[in-house]
Amino acid sequence: MAEIKHYLQFSDFTADEYAWVFQRAAIIKRKFKAYEKYHPLADRTLAMIFEKASTRTRVSFEAGMYQLGGSVVHLTTGDSQLGRAEPIEDSARVISRMVDLVMIRTFGQDKIERFARHSRVPVINGLTNEFHPCQILADIFTFIEHRGSIQGCTVAWVGDGNNMANTWLQAADLLGFTVHVATPTGYEVDQAVAGIRSAQSYKVFKDPTEACRGADLVTTDVWTSMGYEAENEARRKAFADWCVDRDMMRAAKPDALFMHCLPAHRGEEVEAEVIDGPQSVVWDEAENRMHVQKALMEYLLLGRV
């Protein structure tokens with residue numbers, strides 16, 4: 001049996017593979033906008049396992065799979081009991097005999113890695129505490145749509161050194177751009193978790209406005225990610241100066257874009273005037289989750305069509 005290709009973190013693909021996926025995403029999106037039927041995954045089934053709740057991840061994967069002609073099985077924590085009622089390894093062996101593709105949104109990266117090692121079909125990371133590769137896939141595709149190649153550009157990350165930040169660093173390392181990282185003290189990116197091979201692709205700033213200076217893209221996330229709610233009050237105080245505002249956007253390039261993976265809290269991590277302003281592309285970014293994930297699923301199941 002041929003080696004199975006999984007998508008568990010951004011570094012799982014090469015730059016050449018990303019070029020292909022972005023090209024396919026553009027083609028598939030054009031077909032969608034033209035109401036052109038495209039069913040390359042007819043008779044294929046995607047299992048979606050959610051241990052963390054989601055709006056965009058569920059809708060984008062489920063709608064995307066149906067649009068490609070396939071079917072979807074939706075499992076929540078209560079349905080799947082991943083790693084509780086039976087070992088993760090056994091769940092992987094069983095589920096992967098019944099479907100063609102598995103997407104998992106869970107807490108620890110170790111769970112999805114263990115599942116993938118015992119799966120007979122490709123496994124996609126829909127989000128873990130450590131990484132969010134599908135979101136950065138959508139973000140970079142959105143940047144390409146609006147500004148062209150991201151190679152050589154500067155992305156300013158303002159906020160928590162979380163799964164999004166880790167994934168942005170992997171993307172910069174692989175695709176040849178730079179990330180300016182500004183996080184409050186105590187919330188820095190963990191280089192070991194991100195798995196960065198070279199420190200040349202990112203710079204750390206104490207001042208978030210300075211991190212945004214000259215950036216082509218400014219992006220952020222909520223101050224308190226799912227699973228860290230107990231830290232909410234402490235984080236509100238620590239992140240008080242890390243709200244992306246008009247001053248930060250003025251420090252960036254005049255044509256800089258603003259992105260947010262959503263859901264957003266206006267007045268916390270971003271001003272309403274920024275997320276609802278002319279430089280914001282968050283709605284294109286949200287829609288593009290579906291299109292790039294369709295290209296991703298096509299590639300994992302069919303290769304280069």
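All of these numbers come straight from a predicted model, not from anything done at the bench.
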Is there a donor-acceptor contact under 3.5 Å linking the side chains of [X] and [Y]?
X	Y	answer
Gln293	Ser60	yes
Asn166	Gln170	no
Glu188	Thr183	no
Glu145	Asn288	yes

Kindly assign one of parallel, tilted or perpendicular to the pair Phe177 and Trp168, based on the angle between their ring planes and the thresholds 30° and 60°.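 Aromatic pair Phe177/Trp168 classed perpendicular.
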In terms of hydrophobic clusters joined by side-chain contacts under 4.5 Å, are [X] and [Y] together?
X	Y	answer
Met290	Tyr18	no
Phe10	Val189	yes
Val59	Leu137	no
Phe258	Leu262	yes
Val292	Tyr38	yes

Does the side chain of [Y] come within less than 4.5 Å of [X]'s, by heavy atoms?
X	Y	result
Leu127	Phe50	no
Thr128	Leu8	no
His132	Ile136	no
Leu296	Cys134	yes

Closest approach of [X] and [Y], non-hydrogen atoms and distance?
X	Y	result
Gly126	Thr57	O-OG1, 3.8 Å
Gln9	Glu113	NE2-OE2, 3.7 Å
Ala256	Ala215	CB-O, 3.4 Å
Glu285	Thr142	CA-OG1, 3.4 Å
Ala252	Val218	CB-CG2, 3.9 Å
His146	Leu257	CB-CD1, 3.8 Å

Do side-chain atoms of [X] reach the backbone of [Y] as a donor and acceptor pair under 3.5 angstrom?
X	Y	value
Glu89	Arg114	no
Ser119	Phe115	no
His180	Ala156	no
Trp223	Ala238	no
Ser280	Ile275	yes
His6	Val123	yes
Glu130	Gln109	yes

Go through Lys52 and Asn129 one step at a time and tell me if the side chain to side chain donor-acceptor pair (under 3.5 Å) criterion holds. CA-CA 10 Å; Lys52 279 190 176 185; Asn129 290 344; 2.7 Å; yes
For Lys33, which of Lys31, Arg30, Lys29 qualifies under side chain to side chain contact (heavy atoms under 4.5 Å, CB included)?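 Among Lys31, Arg30, Lys29, the one meeting side chain to side chain contact (heavy atoms under 4.5 Å, CB included) with Lys33 is Lys29.
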Applying the side chain to side chain contact (heavy atoms under 4.5 Å, CB included) criterion to Arg44, which one of Asp100, Val121, Leu68 satisfies it?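 Filter result, single survivor: Asp100.
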Taking the six-membered ring for Trp, are the ring centroids of His291 and Phe32 within less than 6.0 Å of each other?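 So the answer is yes for these two rings.
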How about CG on Asn232, more than 12 heavy atoms from neighbouring residues, nucleotides or ligands closer than 6.0 Å, or not?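 Yes, the 6.0 Å shell around CG holds more than 12 heavy atoms from other groups.
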Tell me whether the count of non-hydrogen atoms from other residues, nucleotides or ligands lying under 6.0 Å of CZ in Arg97 goes above 12.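 No, because the 6.0 Å sphere around CZ of Arg97 holds 12 heavy atoms or fewer from other groups.
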Going by the rule side chain to side chain donor-acceptor pair (under 3.5 Å), which residues pair with Arg236 if we only count those two or more places apart in sequence or in a different chain?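 Per chain and number, Arg236 pairs via side chain to side chain donor-acceptor pair (under 3.5 Å) with Glu268.
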Stepwise, does the ring-ring contact (aromatic ring centres under 6.0 Å, His included) test hold for Phe13 with Tyr7? CA-CA 8 Å; Phe13 280 12; Tyr7 192 60; 4.7 Å; yes
